[in-house]
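One structure is given here, and the rest of the page talks about it.
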Amino acid sequence: MTAVPPPSGPRPSTRPPSGAAPSGPPPANAGPADTAARLTGLVRALRGHGLRIGPAETVDAAAVLDVLGFTDRERMRAGLAAALLRSDTQRTVFDAAFDLFFPLGVGTPEAVRALRTDLPAVPADPEPPRFGRPDPLRDDLRERLAAALAADDRAAQARLAGEVVEAFGRYGAGSTPGSDGWSAHQALGRLAPETLLARILAALRAAGAATDLSDLVLADEIRRRIRDFRALVTGEARRRIAELRGPEQIAERAVAPTVDRIDFLYAGRDQLAELRRTVHPLARKLATRLAARRRRAARGHLDLRRTLRRSLTTGGVPLRPAHRLRRPARPELVLLCDVSGSVAGFADFTMLLVQAMSEQFTKVRVFAFVNRTAEVTDLLRSGDDPARLAARILTGARVTGYHGNSDYGSALGDFAEHHLDAVGPRTCVLVLGDARTNHRDPNLDALRRIAARARRVFWLNPEQPSHWPTGDSAAPAYAEVVEMHSCRNAHRLGELIARLLPV
């Protein structure tokens, strides 16, 4: 992989005809147009992922580039992050986008070409070599990777990431134009770095490099190094395909969103754990918004009669408006949560968020269901590991009956029959679930009984609205009884709670 040398004559334009940002690294004497194209492309990509970046931050970032230049890439990365970002949670998205618009280099790593000439040729085969079949290139890369991971040599791992992508990541070469590219999944599948754990552990033990660490701690450290190497391979593949497709297209499709914009239904275990760590900061922000709404609501509506009476002292000009003061009480909140299947992550996060905001409500009661409804308020307050909340509910509360599938009609009927005393004229009810009834009776009458008794009822559905009329979903029928809102991620959940809950 080579950096672009500074031109000897007039600098040719590196911007593609389509208007996209240049894909190579900035030359040492990059001109204003080239720098502006890269920076504005980066800002557009970050805005596309929900980061709030205005003209002022963009101007600050341009000033950072003017001061720092392009000689130290990591210092430039840190400077742009300080100018453009507002929180640490946005750094992952920024780093991935930065690597696309300000890459370290372009082209094929030179080490790969030398490696391919030194190794004996492998006979052509219609399918990729598997384990147990000769593959000198793969064996050499695995050997060098094991040594680099054992020594924790980051520079060697970065070089190896480029070699691995070049050796195993190419797909569709020579086929239809536009269908070729680079795949980190394919490259890592061929290399299988996870299978090096035992070899690295044995090498470290034999060398006596970690005599003070237990095998368990040392194995966790090696797994972390392997995860970091996988991230390097992913970044290198993303860089290479950005050269083919353009950085803006890859930034839109291949950069993972911030954790608060990850769909609840598709979040993995690690992403849900990261979401739980954002509960308390989000709760503080929402509590501040609700308190501000409560202060504004306390002012009340304009009292026209008192305002006109006051205007007599100013010649009929209403200089001092009078308001009908009101003292809004904090509302009561009831959560009715589906804890079955993939919806459990959504309900889990929402329950933790509301519990963290409990001071904003007079009373909070939480009910969970699969096909039977049980109160889980005390389980939520137990203070145990938040990651085990769903498991505690499923084992400690009677939320299932004669089968284990979700049944909204049965659960709503159970709540209306046994727990309706939790709902009153000051109560706001939040129903959390995807409204998929497994083709059973949705029991709309039970939901109408709850809505007639409560102050407001809102249904938060983690599916997008285009999926509501499909399959076994009763969302359209429930939406005719209560307000239903799509709530696919934590960002949207925060917006809805701040806007919908009464004050």
Side-chain angles (χ1 to χ4, degrees), residues 43 46-47 50-63 82-87 90 260 278-335 350 353-365 422-431 450-460 479 481-487 490-503:
V43 169
L46 296 177
R47 286 175 177 169
L51 276 65
R52 298 175 60 187
I53 301 176
E57 289 83 2
T58 307
V59 171
D60 290 343
L84 296 175
L85 304 187
R86 303 191 180 194
S87 68
Q90 301 171 342
D260 64 329
T278 67
V279 163
H280 290 285
L282 181 58
R284 288 195 297 270
K285 182 185 297 184
L286 295 180
T288 302
R289 292 180 184 176
L290 288 176
R293 285 183 58 201
R294 191 171 289 114
R295 286 194 299 270
R296 291 193 298 268
R299 189 175 182 181
H301 298 290
L302 182 68
D303 190 331
L304 183 60
R305 184 175 181 179
R306 290 175 57 202
T307 301
L308 293 177
R309 184 174 297 173
R310 285 183 180 182
S311 69
L312 296 177
T313 61
T314 57
V317 181
L319 295 179
R320 294 187 301 147
H323 296 83
R324 295 189 181 95
L325 300 181
R326 57 185 292 257
R327 294 176 175 81
R330 295 181 178 182
E332 299 177 359
L333 188 62
V334 168
L335 261 66
T350 309
L353 177 63
V354 170
Q355 178 61 27
M357 296 175 56
S358 58
E359 293 182 357
Q360 298 299 314
F361 308 100
T362 304
K363 184 187 300 183
V364 177
R365 296 182 67 177
V423 181
R426 292 173 51 190
T427 304
C428 178
V429 179
L430 292 183
V431 184
I450 298 171
R453 189 176 176 91
R455 178 179 179 181
R456 298 294 296 274
V457 178
F458 301 107
W459 192 304
L460 305 185
V481 181
V482 298
E483 288 187 42
M484 183 171 292
H485 299 270
S486 177
C487 186
H491 177 77
R492 176 64 174 162
L493 176 64
E495 288 182 341
L496 287 173
I497 287 180
R499 178 168 61 89
L500 297 179
L501 290 185
V503 294

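Because the structure is a prediction, the values reported are computed rather than measured.
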Around [X], counting heavy atoms of other residues, nucleotides and ligands shown, do more than 12 lie under 6.0 Å from its [atom1]?
X: Arg52; atom1: CZ; result: no
X: Arg305; atom1: CZ; result: no
X: Arg309; atom1: CZ; result: no

Does the side chain of [Y] come within less than 4.5 Å of [X]'s, by heavy atoms?
X: Glu495; Y: Arg499; answer: no
X: Leu286; Y: Leu353; answer: yes
X: Leu460; Y: Val431; answer: no
X: Trp459; Y: Leu430; answer: no
X: His485; Y: Leu496; answer: yes
X: Leu493; Y: Thr350; answer: yes
X: Leu51; Y: Arg47; answer: no

Can you name the nearest heavy-atom pair linking [X] to [Y], along with the distance?
X: Arg492; Y: Cys487; answer: CG-CA, 3.8 Å
X: Thr307; Y: Arg320; answer: CG2-O, 4.4 Å
X: Cys428; Y: Leu501; answer: SG-CD2, 3.7 Å
X: Arg310; Y: Pro321; answer: NH1-O, 3.3 Å
X: Val457; Y: Ala451; answer: CG2-CA, 3.7 Å

Salt-bridge criterion met for Glu57 and Arg86 (N-O under 4.0 Å):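 So Glu57 pairs with Arg86 through a salt bridge.
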With a 4.0 Å cut-off, would you call Glu483 and Arg456 a salt bridge?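 So Glu483 pairs with Arg456 through a salt bridge.
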Once rounded to the nearest 0.5 Å, what's the spacing between atom [atom1] of [X] and atom [atom2] of [Y]?
X: Met357; Y: Glu359; atom1: CE; atom2: CD; value: 10.5 Å
X: Arg426; Y: Leu333; atom1: CZ; atom2: CG; value: 12.5 Å
X: Ile497; Y: Gln360; atom1: CD1; atom2: CD; value: 11.5 Å
X: Leu335; Y: Gln355; atom1: CG; atom2: CD; value: 10.0 Å
X: His280; Y: Arg284; atom1: NE2; atom2: CZ; value: 8.5 Å
X: Leu290; Y: Lys285; atom1: CG; atom2: NZ; value: 13.0 Å

Go through the steps to decide whether Val364 and Val354 satisfy the test side-chain contact (heavy atoms from CB on, under 4.5 Å), and finish with yes or no. CA-CA 8 Å; Val364 177; Val354 170; 3.8 Å; yes
Between the main-chain N or O of Gly54 and the side-chain N or O of Thr58, is there a donor-acceptor pair closer than 3.5 Å?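 Checking the backbone N and O of Gly54 against the side chain of Thr58, a donor-acceptor pair under 3.5 Å is found.
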Expected output: side-chain Arg453 to main-chain Val423 donor-acceptor under 3.5 Å: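 Here the side-chain-to-backbone pair exists.
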